[in-house]
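Report on the structure given below.
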Amino acid sequence: MSSLADQLAASIQGLVAAAIEKGELTGSAPESIVLERPKNRDHGDYATSIALQLAKAAGKNPREVATLLQGAIEQLPGVSKVDIAGPGFINITLDRANQAELVRAILSSGATYGYGQSLKGVAVNLEFISANPTGPLHLGHTRWAAVGDALGRVLKAAGAKVTQEFYINDRGRQMDLFGQSVQAAALGNPIPEDGYQGEYIKELAKIVVAENPGIATSEDFREAAYRVQLAEQQAVLETFHTKFDIWFSERSLHDSGAVDHGMEKLREQGHVFEQDGAVWLRTTDFGDDKDRVLIKENGELTYFASDTAYYINKRERGSDICIYMLGADHHGYIHRLRAVAACAGDNPDYNIHVLIGQLVKIMEGGEEVKLSKRAGTIITLAELVEKVGVDAARYTLIRYPVDTPMVMDIDILRSNTNENPVYYVQYAHARIAAVLRNVAELGIPTGLDHFDPAQLNHDRENQLLGTLAEFPRVVAQAAELREPHRVARYLEELAGVYHGFYADCRVLPLGDEAIAPIHSARANLCAATMQVIANGLDLLGVSAPERM
RNA sequence: GCGCCUGUAGCUCAGUCGGAUAGAGCACCCGCCUUCUAAGCGGGUUGUCGCUGGUUCGAUUCCAGCCAGGCGCGCCA
């Protein structure tokens with residue numbers, strides 16, 4: 001389903017091509033024409049600068065070019081007026097009744113309004129969080145838990161086939177230290193140097209001992225505590241509405257032979273070499289600043305070897321695009337991972353996409369809460385949710401682009417005020433729900449056969465319709481750029497426009513006023529708005545309450 | 001030294017195929033509920049878009065260099 005704006009843009013492109021054909025213009029027609037929504041509402045519903053772009057090649061004044069196109073654009077269906085402004089902008093005003101047909105489209109599409117096909121048929125592997133199963137998920141993981149899950153939903157809405165995946169780092173030295181730490185806690189011994197110090201280690205020790213009487217070796221402690229800790233992470237993410245299709249164990253990568261297989265594949269591609277007794281991957285062929293070791297001199301595999309094998313494994317499982325979401329402290333991995341893709345014979349500009357999330361600071365009571373990754377004072381995902389709730393936590397983390405560092409103020413998130421944007425959006429939804437309850441009670445007919453689009457000609461209604469029309473574009477762009485925050489920002493704008501409409505356009509009959517077509521029309525407009533807010537919040541994994 | 005990210009209003013931040021007078025919230029001031037949810041709406045005040053050049057009809061946006069801040073650069077995991 002293409003939007004009205006897309007249809008218009010295509011039509012205008014046809015007109016430009018025709019003008020060139022007829023010799024009225026010289027130069028080549030652009031591949032596509034962009035219709036933008038002018039900031040200033042006096043500039044119509046849509047505007048294009050196409051005349052300014054064409055003027056030079058045509059050897060004409062931009063306003064002349066615009067004038068040339070003006071008449072033909074005016075004849076297009078759904079267009080009521082075309083103005084030329086400034087240096088040569090073409091401002092288009094839509095026919096209002098025609099625009100109001102959008103309400104019908106939204107209500108019949110329902111929960112899928114806004115969904116598109118831009119990534120149809122593309123299989124995306126979305127890996128995020130991927131924590132060690134050696135402790136609770138903390139604030140850094142939480143940003144990805146929210147953004148990653150929202151991005152997955154957005155990509156699906158754009159038609160992609162998405163696999164959300166959590167890579168469990170359950171192999172290596174950190175796991176051994178973890179086992180030794182839990183064992184020490186259970187026996188009342190001091191935690192080893194470099195071990196895990198947090199309070200939760202003691203709790204794990206108690207659980208492990210209770211469930212496994214007679215447990216003795218640090219390996220057994222490691223395995224038992226691993227299971228408990230992983231289950232806890234899974235449970236917390238469940239409450240945070242973050243879902244994974246696959247929990248992928250690093251161990252399984254080795255056990256299944258996938259690492260050997262990956263290594264073999266890289267050898268075939270000719271980028272593996274030996275030096276100083278170790279086996280290397282020549283990542284510097286593809287932009288990395290140094291080559292990377294796959295097998296150490298002592299014969300052990302590096303963590304990097306797992307990474308490469310895992311990438312190859314994802315691709316062989318059918319993923320076209322592998323998206324990695326990493327913390328800022330891992331940004332050194334960008335070139336490395338892209339080089340891995342290139343070494344495997346892939347196109348790093350298409351098959352792999354590394355997103356880097358900057359750090360999250362958390363403020364409470366005017367002071368920064370310090371984070372310490374493996375020691376005591378960790379703010380965990382569970383604690384954050386306990387403080388502010390799932391909706392506020394998710395929404396706040398999602399509404400900023402991930403490449404900017406962000407500050408979460410616990411005090412603001414706790415407050416039910418306008419400073420807290422999630423309430424602003426949810427309130428709009430609840431407000432509409434209340435209006436529609438009243439509509440039903442008064443018996444105002446709302447079926448689409450009672451919907452007369454010509455009733456909607458107030459400026460506020462027009463503005464609301466224009467904003468609703470943008471939603472599919474926003475979703476497509478959020479998917480394309482991997483930026484779910486765009487959906488959140490759009491919802492804030494939509495909520496604002498609705499509140500403005502609500503202030504000026506009464507939906508229910510006033511006093512003993514008779515029920516008229518305008519009431520049905522507005523009720524349907526409200527229902528359409530509610531649908532779009534609900535769809536948008538769903539893409540963020542945030543609830544859309546009927547009452548607040 | 002190399003690499004990634006950031007620099008927009010007093011504060012927190014939006015703003016990508018380059019567009020018209022650079023936006024929002026908070027804060028500050030003033031209005032609006034005896035009929036739809038005031039967690040709302042309307043109005044007022046606030047800017048060398050880090051700096052310097054380049055590209056062009058036009059640059060906060062693209063390019064180069066510089067300045068400032070954050071983070072990282074192991075045969076660790």
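In what follows, every chain begins at residue 1, and chains take the letters A, B, ... in the order their sequences are listed.
Contact annotation for A:D194: no contact, since no heavy-atom pair falls under 4.0 Å across all strands. At the heavy-atom level, A:G86 lies nowhere under 4.0 Å from the strands shown. Across all strands, A:E483 comes closer than 4.0 Å to base atoms (heavy-atom distances). If you check every strand for non-hydrogen atoms under 4.0 Å, A:P38 touches nothing. At a threshold of 4.0 angstrom between heavy atoms, the contacts of A:R292 with the nucleic acid are absent. Within 4.0 Å of A:Y400, counting heavy atoms only, lie sugar-phosphate atoms of the nucleic acid but no base atom. At a threshold of 4.0 angstrom between heavy atoms, the contacts of A:A428 with the nucleic acid are absent. Residue A:C526 is classed as having no contact, given no heavy-atom separation below 4.0 Å to the nucleic acid. Using a 4.0 Å heavy-atom distance criterion, A:A55 is classed as making no nucleic acid contact. Looking at heavy-atom distances under 4.0 Å, A:E441 makes no contact with the nucleic acid at all.
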task: Give the C-alpha distance, both sets of side-chain angles, the deciding distance and a yes or no for ring-ring contact (aromatic ring centres under 6.0 Å, His included) between A:Y498 and A:F501.
output: CA-CA 5 Å; A:Y498 180 78; A:F501 156 82; 5.5 Å; yes
- prompt: Given the rule in the salt bridge (charged side-chain N to carboxylate O under 4.0 Å, His left out) test, do A:R338 and A:D349 qualify, once you have shown the distances and angles that lead to the verdict?
  reply: CA-CA 8 Å; A:R338 286 171 56 86; A:D349 290 328; 2.9 Å; yes
task: Would you please test A:R222 and A:E219 for salt bridge (charged side-chain N to carboxylate O under 4.0 Å, His left out) and show each step?
output: CA-CA 5 Å; A:R222 183 188 67 202; A:E219 285 77 16; 5.2 Å; no
- request: I would like to know whether A:Y502 and A:H499 meet ring-ring contact (aromatic ring centres under 6.0 Å, His included); could you show each step before the answer?
  value: CA-CA 5 Å; A:Y502 179 90; A:H499 288 314; 7.5 Å; no
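Taking the syn range as angles within 90° of 0, the glycosidic angle of B:C62 is outside it, so the base is anti.
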Heteroatom pairs (N/O) under 3.5 angstrom, protein to nucleotides 4-8 of chain B:
{"unit_1": "B:C5", "atom_1": "O2'", "unit_2": "A:D403", "atom_2": "O", "d": "2.6"}

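For residues 294-302 of chain A, proximity to RNA chain B is found at A:K296, A:E297, defined as any non-hydrogen atom under 4.0 angstrom from a strand atom.
Contact record, A:N169 with A:P133: O-CD, 3.2 Å, taken as the closest heavy-atom pair. Shortest non-hydrogen contact noted between A:P545 and A:H429 is O-ND1, 2.8 Å. Considering every non-hydrogen atom in both A:Q426 and A:S543, the closest pair reads NE2-O, 2.8 Å. Residues A:R506 and A:R522 come closest through the heavy atom pair O-NH1, 2.8 Å.
Contact annotation: A:Y490 does not reach the phosphate of B:A24 (side-chain N/O to OP1 or OP2, under 4.0 Å). Checking the phosphate oxygens (OP1, OP2) of B:U37, a side-chain nitrogen or oxygen of A:N438 falls inside 4.0 Å. In this structure, A:R460 reaches the B:G42 phosphate: one of its side-chain N or O atoms is under 4.0 Å from OP1 or OP2. Listed pair A:R486 / B:U16 meets the phosphate criterion, a side-chain N or O lying under 4.0 Å from OP1 or OP2. For the pair A:H330 and B:C71, the criterion of a side-chain N or O lying under 4.0 Å from OP1 or OP2 is not met.
If you check distances only, the side chain of A:D170 never reaches the base of B:A77 with a donor-acceptor pair under 3.5 Å.
Minimum atom distance to the side chain of A:S49 is reached by B:G19, of the listed B:G19, B:C75, B:A77. Among the nucleotides B:C36, B:C73, B:U12, the one closest to any side-chain atom of A:V435 is B:C36. Among B:A20, B:A14, B:U37, the nucleotide with an atom closest to any side-chain atom of A:R489 is B:A14. For A:R173, counting side-chain heavy atoms from C-beta on, the closest listed nucleotide (B:G19, B:U37, B:C76) is B:C76. Among the nucleotides B:A20, B:G40, B:A39, the one closest to any side-chain atom of A:A47 is B:A20. Checked against B:A77, B:A14, B:A39, the side chain of A:H485 finds its nearest nucleotide in B:A14.
Residues A:D504 and A:I432 each lie close to RNA chain B; by heavy-atom proximity, the contact nearer the 5' end of the strand is made by A:I432. Along RNA chain B, the nucleotide nearest A:A495 and the nucleotide nearest A:F89 are compared for position; the residue whose nucleotide lies closer to the 5' end is A:F89.
To the nearest angstrom, P of B:C57 lies 17 Å from CD of A:E64. Remark: P of B:G74 and OH of A:Y333 are 10 Å apart, rounded to the nearest angstrom. Atom pair A:R37:CZ and B:G23:P shows a separation of 16 Å (rounding to whole Å applied). Taking atom CG of A:L494 as the reference point, atom P of B:A14 lies 21 Å away to the nearest angstrom. Taking atom CG of A:D276 as the reference point, atom P of B:G74 lies 16 Å away to the nearest angstrom. Here B:G40 presents its P atom at 11 Å from CG of A:N420, a figure rounded to the nearest Å.
A parallel orientation is assigned to the rings of A:Y310 and A:Y167, their planes being inclined by less than 30° (bins at 30° and 60°). Note: A:F273 and A:W280 have parallel aromatic rings, judged against thresholds of 30 and 60 degrees for the angle between ring planes.
Nucleotides B:G70 and B:G74, compared at atom C1', are 22 Å apart to the nearest Å. Between the P atoms of B:C63 and B:G40, the separation comes to 40 Å (whole Å). Separation of the C1' atoms belonging to B:C30 and B:U34 is 24 Å when rounded to the nearest angstrom.
By the stacking rule of 5.5 Å between ring centres and under 30° between planes, A:Y424 does not stack on the base of B:A39.
Within a 6.0 Å radius of NZ in A:K81, no more than 12 heavy atoms belonging to other residues, nucleotides or ligands are found.
For A:Y490 and A:F471, the distance between ring centers is under 6.0 angstrom.
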task: Give the dot-bracket string for RNA chain B, reading 5' to 3', where a pair is Watson-Crick or G-U wobble with both distances under 3.5 Å, ( ) marks pairs inside the strand, [ ] marks pairs crossing earlier ones, | marks a partner on another strand, and . marks unpaired.
output: (((((((..((((.....[...)))).(((((.......))))).....(((((..]....))))))))))))....
